[in-house]
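Per chain, numbering begins at 1; letters A, B, ... match sequence-line order.
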Amino acid sequence: MSELCLYNTLSRKKERFEPLDSELVRIYSCGPTVYSYQHIGNMRPYLFADLLKRTLLYNGYRVRHVINVTDVGHLTDDADSGEDKMELAARESGMDIWQVAEKYTALYKADLEKLRVLPPDVWCKATDHIPQQIEMIRVLEEKGFTYSTDDGIYFDVSKDPGYGRLARIDLSSLRAGERIDGVSQKRHSADFALWKFSPTEGAARQMEWQSPWGVGFPGWHIECSAMSQAHLGLPFDIHTGGVDHVPVHHVNEIAQSENCFDVRPCVRTWMHEEFITFEGVKISKSTGGLYTVGDLEQMGIEPLAFRFFLLGAHYRQQQMFTDNAVVQAQTAYRRLVRHALDLRASGDGNAAAPAGGFRDRFHAAINDDLNLPQALAVVWEMVRTPDLGPREKWALLRDFDRVLGLDLAEARIERGEIDAEIEVLIEERNRARANSDFARADEIRDQLEVQGILLEDSSRGTRWRRA
RNA sequence: GGCGGCGUAGCCAAGUGGUAAGGCGCGGGCCUGCAAAGCCCUGAUCACCGGUUCGAAUCCGGUCGCCGCCUCCA
């Protein structure tokens, strides 16, 4: 059996994975800020985390997985100026801020379900952990890591000699002493807000809390430190997120957690997924390509076909999204489903049978830092090999699907309410064929095709499916 | 400007020292009354130049092109 190796951003290397607790692996995944729809680019982090979790389960570990929902404190500008995204979204939509959070959280979770992302063991949200965040800030203050300005309480990065190690930031060469844009009272550009005071003029905030420093709200990074500690304890095994979080969000999270709780390192393995690019350019708010899972469905792309698409590239590689690429993926996905249906019809077999090394190769692929493209190649080869019978293949395919998550055991070709009518026509056509009346037979087939019904004749009779 | 990454067949995409996985598409074949589905066959020397090596897509140097982060972002 192969060893599980994962790429750790801390060391910039693949490392053999060893859980802190011999059986239970603890994972924290940075979740979304729920001020808007999540687009398909936003789905990759959770697909990635899902594949990580499934791979751990496949290796026999138990997993405790936490995903947070950030519903306060994420500013539109840099971490310390600009407006709270949630407050802004509420004002623009005319909804109550709590409704905004609820709405987009629900949509987000529905999309994850469509993509067959296993639900985490714990969902948590920032506004449910305000006391924990305040307590962390209090401890940091007590230890001398903070200072106060007119607009908030800041973390003083110069007090942390290890600051920025994750991103290999060299503070001394980082514009130190330079004038800080926007927030003039910051001592260093890398200093960041732990607590922000509510504005004294203008519209009142909908979300604000009492604290030892006055009424206000928490900074964007502190919620992850508080919630990961609360739900997993420190240290824990794996923290996941997007590459964009390496230099700021996660660096700051480490600074807060390690200095508050004196646990170093607070996380053993940091894993970061790359972006999906849209016709060569990153999908983002400003550059477009903002399809949602729902948009894909409108285009005729099934959610699981999109999942299959994501399996086609390694998580640490930027993946090119184009309409063409996703359609290609859907074609392949549907072909695999058809194989699954045929194999399933042959009955259940024994997955423990020799299986020609396919299981080992599949396992080795996913254990090599989640190389799903490689694993998929093994899947195709297995499906098409003449060396295995259909029942063995079906057993293996179901086994592999524990990681792939394509729901192959439940897959089916969609049938509708007009079955009876179709059956009658098919019978008539088969009578015509038996009488060599091919003109009539083809006429019926064409007629059904117009309705989106495709016929497939085989030695076992005629089957139909939707186009 | 600083930091990081990428450039593999028409398209998507693995492979990071031993003579290029896989998928989609194209073309050909088998099967079929004809189709469809399925199966089989079929394509690249890895941006370019130089170097290290018995041997490089894989290591080093340079050139060109592209992308990301440093500012909202997974």
Side-chain angles (χ1 to χ4, degrees), chain A residues 9 12 29-33 35-36 38-49 74-79 81-83 85 88 167-170 173-175 181-182 189-190 240-249 272-277 280-287 290 308-309 311-336 338-339 341-342 361 365 368 371-381 383-384 386 432-434 436-439 441-442 445-446 449 454-459 462-465 467:
Chain A
T9 304
R12 307 287 163 108
S29 296
C30 270
T33 302
Y35 63 99
S36 180
Q38 301 295 305
H39 56 70
I40 54 176
N42 291 318
M43 292 296 121
R44 174 124 99 148
Y46 312 108
L47 233 308
F48 155 58
H74 195 164
L75 305 182
T76 55
D77 247 316
D78 61 41
S81 64
E83 193 171 359
K85 288 179 175 179
L88 180 65
R168 316 226 152 152
I169 293 170
D170 179 4
S173 69
L174 189 76
R175 302 177 296 194
D181 41 86
S189 61
T240 72
V243 284
D244 57 322
H245 281 163
V246 175
V248 179
H249 185 56
H272 296 94
E273 83 282 346
E274 259 292 353
F275 286 85
I276 292 177
T277 61
V281 182
K282 188 181 84 166
I283 297 179
S284 69
K285 313 293 185 211
S286 50
T287 53
L290 289 177
F308 185 92
F309 167 79
L311 298 179
H314 187 87
Y315 77 91
R316 274 192 293 121
Q317 218 59 52
Q318 291 184 1
Q319 179 174 20
M320 189 98 71
F321 178 93
T322 61
D323 291 359
N324 181 38
V326 79
V327 167
Q328 287 180 7
Q330 171 146 287
T331 301
Y333 162 71
R334 288 182 169 172
R335 195 161 283 169
L336 186 61
R338 246 172 260 143
H339 277 289
L341 291 167
D342 285 345
R361 289 170 55 207
D368 180 16
N371 192 335
L372 269 298
Q374 189 63 53
L376 228 36
V378 176
V379 170
W380 285 113
E381 201 182 317
V383 163
R384 287 174 172 154
R433 290 175 67 211
S436 297
D437 181 3
F438 299 121
D442 290 348
R445 185 168 64 198
D446 292 345
E449 188 173 343
L454 300 182
L455 298 188
E456 295 175 4
D457 298 326
S458 77
S459 56
T462 300
R463 297 187 308 188
W464 65 272
R465 64 187 171 87

Who pairs with [N] - Watson-Crick or G-U, where each distance is under 3.5 Å:
N     : result
B/C59 : B/G51
B/C26 : none
B/U19 : none
B/G7  : B/C64
B/U32 : none
B/C46 : none

Can you tell me, in whole Å, how much space there is between the P of B/G4 and that of B/C11?
30 Å
Which value, in whole Å, describes the distance between the P atoms of nucleotides B/G5 and B/C24?
33 Å
Which nucleotide sits closest to the side chain of [X]: [options]?
X      : options             : answer
A/H339 : B/G22, B/G38, B/A13 : B/G38
A/R445 : B/G38, B/G33, B/C67 : B/G33
A/E456 : B/G33, B/C67, B/A37 : B/A37
A/P45  : B/G33, B/A74, B/A14 : B/A74
A/Q317 : B/G68, B/A14, B/G23 : B/A14
A/T331 : B/C39, B/C11, B/G25 : B/G25
A/P373 : B/A21, B/G68, B/C34 : B/A21
A/N371 : B/G38, B/A13, B/G15 : B/G15
A/Q328 : B/G10, B/G22, B/G5  : B/G10
A/D442 : B/G38, B/G33, B/A13 : B/G33

Assign the ring pair A/F321 / A/F309 to parallel, tilted or perpendicular, where the plane angle (0 to 90°) is split at 30° and 60°.
perpendicular
Here the pair of heavy atoms bringing A/M320 nearest to A/A325 is O-CB, 4.1 Å
Distance (rounded to the nearest 0.5 Å) between A/H314 NE2 and A/F48 CZ
8.0 Å
Please assess A/T331 against A/Q328 for the test side chain to side chain contact (heavy atoms under 4.5 Å, CB included), listing each intermediate value before the final yes or no.
CA-CA 5 Å; A/T331 301; A/Q328 287 180 7; 5.6 Å; no
Can a donor-acceptor pair be found between the side chains of A/H39 and A/N42 at a distance below 3.5 Å?
yes
Below 4.0 Å: OP1/OP2 of B/G38 and any side-chain N or O of A/R338
yes
Please determine whether a side-chain nitrogen or oxygen atom of A/R335 lies at a distance below 4.0 Å from atom OP1 or OP2 of B/C24.
yes
RNA chain B nearest-nucleotide lookup for A/H245 and A/A332: closer to the 5′ end is A/A332
Judged by nearest nucleotide, the residue sitting upstream toward the 5' end of RNA chain B, A/Q374 or A/V383, is A/Q374
d(CG, A/D437; C1', B/C34) in whole Å
13 Å
With a 3.5 Å cut-off and heavy atoms only, can you find an N or O donor on one side and an acceptor on the other between the side chain of A/D457 and the base of B/C31?
no
Just call it for A/Q319: base, sugar-phosphate, or nothing, with non-hydrogen atoms closer than 4.0 Å on any strand.
sugar-phosphate
Using a 4.0 Å heavy-atom cut-off across all strands, classify A/E449 as base, sugar-phosphate, or nothing.
nothing
